[in-house]
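Below is one structure, written out as C-alpha cells, with a few remarks after it.
Along the sequence shown, the residues carry numbers beginning at 1. In listed order, ligands and their atoms are each counted from 1.
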Amino acid sequence: MRRIERLLAAMTLSEKLGQLNMVPGTRLVTGPGGHRDLGEGISAGRIGSVLNVWGAEQTDALQRSAMEHSRLKVPVLFALDVIHGHRTIFPVPLAEAGLFDPDTWEATARAAAAEAAQDGIALTFAPMLDVARDARWGRIVEGPGEDPWVAARFAEAKVHGWQGRAPDSRARFGATAKHFCAYGAVTAGREYASVDVAERTVHAVYLPPFAAAVGAGVFAIMPALTDLAGVPMTANAALLKVWLRARLGFDGVIVSDYNAVTDLCRHGVAADNLEAAVLALKAGVDIDMASGAYVQALPLALERGLVTSRDIDTSVRRVLRLKERLGLFDDPYQRGSRAAQDVLQTRALARAAARRAIVLLTLRRDVLTLDPALRRIALIGPLAAAGREMLGPWAAAGEPGEAVSVLEGLSAALPNCRIDCLAGVAIDGDATHEIASAVECCREAELVILCVGESASMSGEAASRAELGLPGSQRALADAVLAAGKPVVVLLFSGRPLAVPWLCERADALLAAWFLGSEAGHALADVLTGQSAPSGKLAVSWPRAGGQVPVFYAQRPSGRPSDETEHYSSRYLDVPFTPQFPFGHGLSYARIVLEAMQCVPAQVRGDGEIEVSVAVRNETNVGGEATVFLFIRDVVARVARPVLELRGVRKLQLGPSERGTVSWRLPVEMLAGLGDDPEPLPEPGLFEIHVGQSADPAGFLSARVELMP
Ligand code: GLC
C-alpha cells in the first residue's frame with residue numbers, strides 16, 4: 001500500500017481522474033481511439049485503462065507510453081470482453097452451463113486467461129452472471145441460464161478460472177462479474193428495457209451469483225446498463241454501496257458499462273454529464289468506461305463541492321490496488337508463457353467442452369449414431385458450411401478462419417462418405433430459390449443432416465427477438481427437406497431456445513448445437529458418429545411458443561396451480577403450460593434410469609444434515625453419463641416458495657448395463673431460500689426432496705422431511 005499512497009500523494013487531479021478513465025481503443029493508428037491518440041492520452045496521464053486493444057505489439061507500445069513517457073509511470077490496464085475464449089473459442093456460456101461441470105467451467109476460463117494474457121490483456125469483462133428466463137433477450141446466450149444456484153456455482157468456477165486460486169489474492173488476470181443486477185429481467189425481453197422485479201426476487205434470484213463471485217474473490221464488478229425500479233444500476237447506491245460494498249464487503253473495482261455514466265442523462269436521472277458523473281462516483285462506480293464524463297466533469301464537481309477529494313481518492317486507490325493485484329507494477333509487459341503445444345491442448349479442451357455442450361433434444365428413430373457404411377449424406381442448410389457463425393457472439397480474438405464448420409467436421413470423420421452440401425436458403429431474408437436443388441440433393445442421399453438456426457449476430461448484445469422461430473425462409477427449407485422422405489437429423493444453431501414445436505415433432509433427431517466455438521464441426525461429428533455420447537443438458541427451459549416466456553421451472557404455485565385437467569388453473573387455452581423441454585433435459589444414446597432413493601433422516605433439527613442417495617442404472621449396452629438434479633420444496637412457509645429449488649447436481653459415468661449411486665449430504669440451512677432473506681434460516685415444517693434427470697416432475701423420485709422447531 002506504500003506505493004499506492006506515495007503515488008496518490010504525488011498525483012495531480014488530472015492524473016487521478018486519468019486513473020478512473022477507461023478509453024476504448026481501435027486497432028487503427030490514427031483517429032479517435034487510434035494508437036497515436038491513446039498514446040498521447042496515456043503519456044499525459046489522462047488514460048488509466050484501455051479496452052478493445054489486444055496483441056503484444058499494440059499493448060507493449062501503449063504501455064511504453066506510460067512506463068517511459070508519463071510523469072508517474074503508472075502502468076496501463078488493458079481489458080477486453082473475453083467471454084467464452086480469447087483466440088480459441090469455447091461454447092457460448094448458455095451452452096457451457098449445460099455441462100453442469102464446474103471443473104470444465106474453470107478450465108476453459110483458465111485457458112482463455114492464458115491466451116488473453118499473452119495478448120497483453122489483464123482484465124476480462126466476464127463472467128456474465130445474468131440469470132435469464134426470457135429467450136427473447138439476446139444476452140441469454142452470454143449467461144449461465146435460468147437458475148440462480150447454477151449461476152452461483154458458475155460464478156465461483158469462472159472467477160477461479162480467470163483469476164486462479166492464489167491465496168494472497170494476487171493474480172496475473174482479473175475477472176469482472178457483470179451485469180449487476182437483474183439485467184436478464186428486462187421488460188418483454190427487450191434489450192436495455194427497464195427492469196421491474198420484486199425486491200424479494202432481486203435478493204433470491206439475481207443477487208446470489210454476485211454474492212458467489214465476491215465470495216470467490218472477484219476483482220471487479222460491472223453494473224448493468226438498465227434501471228431497476230427506476231434507479232439506473234450505475235447510480236444505484238443502495239445496491240452498489242450498501243449491499244455490495246458494506247454488506248458483502250466487496251473491496252474491488254466497480255467499472256461502469258460502456259457510456260453508462262452519461263447514459264444516466266438518457267435514463268432521465270441526470271440533467272447533464274456533470275450530474276451524471278457525480279451520481280455515478282457517489283454510488284461507488286470507480287472507473288468510467290468510454291463516456292469521458294469523469295475526466296471532463298469531476299474537476300468542476302469538486303470545485304462546487306458536489307464530490308470530495310476523498311471520494312476521488314477512494315476510487316483511485318481501488319484502481320491502483322487492482323493494478324497492483326494484477327502484478328502490473330512489477331511486470332507491466334507481462335506475458336503468459338505459452339509454448340506452441342498449449343494451443344493444441346486448448347483446442348482439445350475446446351473440442352471436449354463443445355462435445356459435452358451438445359444437447360440431444362429428441363431421437364425418434366435409430367438414425368443415430370451415423371452408420372459407418374453410409375456412402376451419401378445430404379448436408380443442407382445455411383449453417384452447414386458456416387465457420388464464423390460457429391464462434392457465436394462475443395468471439396473476442398477468435399479467428400473465423402480457424403473455426404471448424406459442420407462440413408469440415410463431418411468430412412474429416414467420414415472420409416469414405418460423399419457429402420453433398422447445399423445452403424438452400426440464407427440464414428435470414430426471404431430468398432427460396434435454392435430449395436428445389438436442396439430437395440433434389442436429399443432425394444439422392446441416404447440420410448439428411450439439416451443445419452438451421454440463427455446467425456451469431458442474432459443473439460448477444462442488442463439482439464432481442466420478438467419471434468422465437470427460425471429466421472428468414474428456413475422454415476420453408478425445413479418443410480421441403482422433411483417432406484423429401486429421407487431420415488433427417490436436425491442440428492439447431494442458436495444463442496437461445498427457439499420455439500419450433502413443428503420441428504421437434506417431425507425431425508428424426510434434433511440436437512441443440514448452440515454456438516460451440518472453434519471446434520464445433522469436430523465436436524458435432526464426434527457425437528453424430530458415436531465417438532462420444534451426447535451428455536449436454538438444458539440450463540434453461542425451452543419454450544413451446546414465444547408467448548410462454550418467461551418460462552422457468554422455479555415458479556411459485558399460485559392459488560390455482562398449473563393443471564391441464566383443471567380449467568380454473570394457471571395455464572393457457574392454446575398451448576400446454578409446460579415447456580417444450582424442461583430445465584435439465586438432454587438425451588443420451590444410453591438409457592439411464594433412477595431406480596431408488598434414500599433420504600435420511602425423515603425428521604431433522606436445525607443443525608443437522610439430510611443424506612440423500614440415489615441408485616442409478618444404465619439400461620443399455622452403450623456407455624453414458626448420468627446427470628442427477630436435487631431439488632427441494634418448502635411446502636408451507638411464511639412467504640410462498642417456488643415449487644422446486646435446485647440444491648445440487650451430480651454426474652456419474654456408467655458403462656453398459658452398469659449401476660451406480662450418487663449422494664448428497666445436504667446441510668439443513670440449504671433448505672432455506674437463496675439470497676440474504678431477512679430470515680435466512682429455513683422455517684420448521686414439511687419439505688419435499690426430489691431427485692430427477694431434469695426438472696420434469698414425471699421423472700422424480702421423492703421423499704419428505706420434517707424440519708423440527
Ligand atoms: C457492452 C456490454 C458489456 C461489455 C462492455 C464493453 O455495452 O454491455 O457487457 O463488457 O460494453 O464491451
Side-chain angles (χ1 to χ4, degrees), residues 21-27 33 47-54 77-86 92-94 109 112-113 116 119 121-132 137-144 151 155 158-159 162 173-186 189-195 206 209-210 213 218-228 232-234 236 252-264 266-267 280 285-293 392-398 456-457 459-464 495:
N21 188 30
M22 179 181 278
V23 174
T26 70
R27 295 169 74 73
I47 298 174
S49 49
V50 170
L51 75 147
N52 296 344
V53 170
W54 69 88
L77 179 151
F78 294 96
L80 184 68
D81 291 283
V82 185
I83 308 294
H84 55 106
H86 178 65
V92 289
L94 182 61
D119 264 353
I121 299 300
L123 181 75
T124 180
F125 301 123
M128 189 272 212
L129 300 174
D130 298 304
V131 170
W137 188 50
R139 302 195 80 163
I140 193 171
V141 68
E142 286 176 63
K158 287 299 181 184
V159 170
W162 289 119
F173 200 89
T176 307
K178 72 182 184 184
H179 306 82
F180 185 82
C181 70
Y183 185 6
V186 285
R190 195 175 68 253
E191 182 61 293
Y192 311 129
S194 288
V195 173
Y206 297 102
F210 291 94
V218 73
F219 283 0
I221 285 184
M222 182 188 292
L225 291 162
T226 41
D227 76 271
L228 175 58
M233 288 312 302
T234 305
N236 198 318
V253 163
I254 296 177
V255 52
S256 85
D257 201 334
Y258 202 106
N259 281 342
V261 174
T262 48
D263 279 355
L264 293 175
R266 292 198 279 185
H267 272 288
V285 174
D286 301 306
I287 291 180
D288 164 24
M289 181 196 290
S291 89
W394 292 115
S457 62
S459 62
E461 183 174 1
S464 287

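Residue Asp130 holds its CG atom at 5.5 Å from CZ of Phe210, rounded to the nearest 0.5 Å. With rounding to the nearest 0.5 angstrom, the CG atom of Leu77 is 6.0 Å from the CE atom of Met22.
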Could you pull out every N or O of ligand 1 that sits under 3.5 Å from a protein N or O, with the distance for each pair?
unit_1: ligand 1; atom_1: 7 (O); unit_2: Asp257; atom_2: OD1; d: 3.2
unit_1: ligand 1; atom_1: 7 (O); unit_2: Glu461; atom_2: OE1; d: 3.1
unit_1: ligand 1; atom_1: 7 (O); unit_2: Glu461; atom_2: OE2; d: 3.1
unit_1: ligand 1; atom_1: 8 (O); unit_2: Arg139; atom_2: NH1; d: 2.8
unit_1: ligand 1; atom_1: 8 (O); unit_2: Asp257; atom_2: OD1; d: 3.2
unit_1: ligand 1; atom_1: 8 (O); unit_2: Asp257; atom_2: OD2; d: 2.6
unit_1: ligand 1; atom_1: 9 (O); unit_2: Arg139; atom_2: NH2; d: 2.8
unit_1: ligand 1; atom_1: 9 (O); unit_2: Lys178; atom_2: NZ; d: 2.8
unit_1: ligand 1; atom_1: 9 (O); unit_2: His179; atom_2: NE2; d: 2.6
unit_1: ligand 1; atom_1: 10 (O); unit_2: Asp81; atom_2: OD1; d: 2.5
unit_1: ligand 1; atom_1: 10 (O); unit_2: Lys178; atom_2: NZ; d: 3.0
unit_1: ligand 1; atom_1: 11 (O); unit_2: Asp257; atom_2: OD1; d: 3.1
unit_1: ligand 1; atom_1: 12 (O); unit_2: Asp81; atom_2: OD2; d: 2.5

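Residues satisfying the side-chain contact (heavy atoms from CB on, under 4.5 Å) criterion with Ala175, sequence neighbours excluded, are Pro127, Trp162, Gln163, Val218. Asn259 is linked by a side-chain contact (heavy atoms from CB on, under 4.5 Å) to Thr262, Asp263, Ala290, Ser291, counting only residues two or more places apart in sequence or in another chain. Residues meeting the side-chain contact (heavy atoms from CB on, under 4.5 Å) test with Asp286, sequence neighbours left out: Arg245, Val253, Ile254, Ser315, Arg318, Val319.
Ring orientation note: the planes of Tyr183 and Tyr192 are close to parallel, at an angle under 30° on the 30°/60° scale.
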